[in-house]
Amino acid sequence: MQGGRTRSLARLALAAACGALVLLGCQGGSSDDSTRLVLLLSVDTLRADRLGAHGGPAGLTPELDALAARSLVFTAAYAPASHTLPSVAALLTGRYPQELGVTGNLSKLPEESVTLARRFREAGWNTAAVVSNWVLRRASGAAAGFDRFDDALPQHEAARPMPERTAQETTAAALAALSQCLPTATERCFLWVHYQDPHGPYTPPPALRAQRLAIERERPDAEHRLPLLPGSFGTGGIPDYQVIDGHDDVAFYRAGYDAEIAYLDDAVGALLRGLEARVPRAAAAVVFTSDHGESLGEQDVWFGHGERLGEAQVHVPLWFTLPGLAPGRRDDVASLLDVRPTLEARFLDASDVPHTGRALLAPGAGEASSTVYLATLQGSRQPRVGVIEGDFKYVATLRDERNWDGRLTRRGDDAIDLTAPAPQIAARLRARLEALIRTHDAAPGVEIELDADDRERMRALGYLDDGAEPRPGR
Ligand SMILES: [Zn+2]
């Protein structure tokens with residue numbers, strides 16, 4: 001406790017200094033001493049454009065829209081990979097998954113990784129996590145740095161033998177975790193909550209699906225029917241883990257996805273109200289994001305993720321709701337790697353612990369822009385890598401052992417190929433991409449040791465063929 005008292009005194013001194021300097025901009029990026037709770041709130045498989053803040057359907061996400069209205073919203077935020085563990089590893093560490101050797105859902109986050117939770121705990125905060133995706137269970141390494149790590153998955157998914165925890169249960173677990181993480185009024189808590197609901201198979205409450213189905217039936221391709229595919233990839237048809245009662249029409253699944261988001265939204269609202277009952281807004285920070293999106297037919301990929309680097313799969317929400325931070329919007333390119341350095345700069349003492357992201361709230365940061373390195377890693381049968389820089393995006397697909405087919409587009413619009421009309425920009429981004437590969441693709445991967453039950457579960461999910469070839473794409 002001696003250390004805790006020393007840290008408290010240091011915080012008091014810092015607060016006094018900050019108070020004296022507030023007119024000089026101390027609030028802009030230096031250590032924040034009044035915040036007692038930092039909530040990292042992430043949702044699996046939530047594409048940005050389903051949210052009101054990013055042009056989503058009217059009325060679909062009222063609770064999250066209210067959160068966005070009091071947040072700094074990054075409109076051009078990207079996940080570095082389009083499936084779960086690599087992307088979440090980047091979120092927790094501020095490093096590319098390639099740097100960590102976390103290239104698939106069978107990888108393991110190295111035990112020595114510097115994570116947000118470790119950094120907060122070293123600074124004297126209590127730390128807790130509630131995760132509802134089996135891929136993020138303790139064995140994945142995601143528990144590093146957390147005092148408490150709740151990965152209980154009491155429910156079972158509909159179309160595959162997979163445990164999960166639905167949104168209402170996740171909210172209840174998160175509020176219980178908060179009580180343990182903030183046992184007294186003087187302690188501080190870093191809490192990570194990861195919801196799973198928008199991930200397929202889409203099994204929302206029936207009334208919510210019916211509501212969304214009435215809307216989807218009005219769309220011109222509502223009756224479009226698709227083949228039901230035997231594997232977990234969604235190229236040209238519906239992947240097996242998504243199929244419910246033999247449905248093969250687009251409207252049924254689009255409605256299911258949106259209804260899962262509506263269900264999630266309600267549960268997130270309950271979580272935020274529960275937090276506010278215990279911690280006033282002036283002492284609570286929220287970071288809201290997603291690990292990747294979901295294709296709903298873009299590039300002929302249906303109700304899946306992992307194989308592509310299109311906007312549907314890598315454009316994610318990234319919102320900061322911090323005490324004293326003015327709500328608004330920022331259009332500079334950001335990524336999940338930026339969360340750790342941004343929170344460190346704001347809430348922890350200045351650090352020279354290395355990371356690859358950037359502190360988004362540092363003075364002048366809005367005039368800069370991230371370069372984001374994208375890769376499908378083990379999520380794809382056909383490897384894809386890409387780079388986003390400024391207004392442009394370049395994605396390369398491995399054609400054969402050595403040759404990559406590259407394609408330049410304007411960021412935010414995958415439809416129009418600019419490779420031939422803008423060859424100099426394409427060449428510049430290709431060179432940038434090659435440099436990123438040389439710089440970051442260094443670490444050898446470490447894979448989870450699977451017991452017999454895990455192997456069976458992975459195989460049933462399509463993560464693993466009998467030849468032990470990793471499969472995507474959760
Ligand atoms: Zn995911």
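Counting starts at 1 for both ligands and their atoms, in listed order. Quick note: residue numbers are just sequence positions, from 1.
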Taking 2.8 Å as the cut-off, does an N/O/S atom of Thr45 lie below it from the Zn ion (ligand 1)?
no
For Asp414, run the side-chain hydrogen bond (donor to acceptor under 3.5 Å, both in side chains) check against Arg407, Lys393, Gln299 and tell me which one passes.
Lys393
Which heavy-atom pair separates Ala48 from Val316 by the least distance, and what is that distance?
CB-C, 3.8 Å
Taking Tyr257 as the fixed residue, which of Trp302, Tyr263, Phe303, Tyr202 is the one that meets the ring pair (Phe, Tyr, Trp, His ring centres under 6.0 Å) rule?
Tyr202
Nearest N/O/S atom of Asp291 with respect to the Zn ion (ligand 1), by atom name, please.
OD2
Angle at the Zn ion (ligand 1), OG1 of Thr84 to OD1 of Asp44, rounded to 10 degrees, please.
130°
Test side-chain hydrogen bond (donor to acceptor under 3.5 Å, both in side chains) on Gln313 and His292 and set out the steps.
CA-CA 6 Å; Gln313 295 200 17; His292 52 78; over 6 Å; no
Of all N/O/S atoms in His292, the name of the one nearest the Zn ion (ligand 1)
NE2
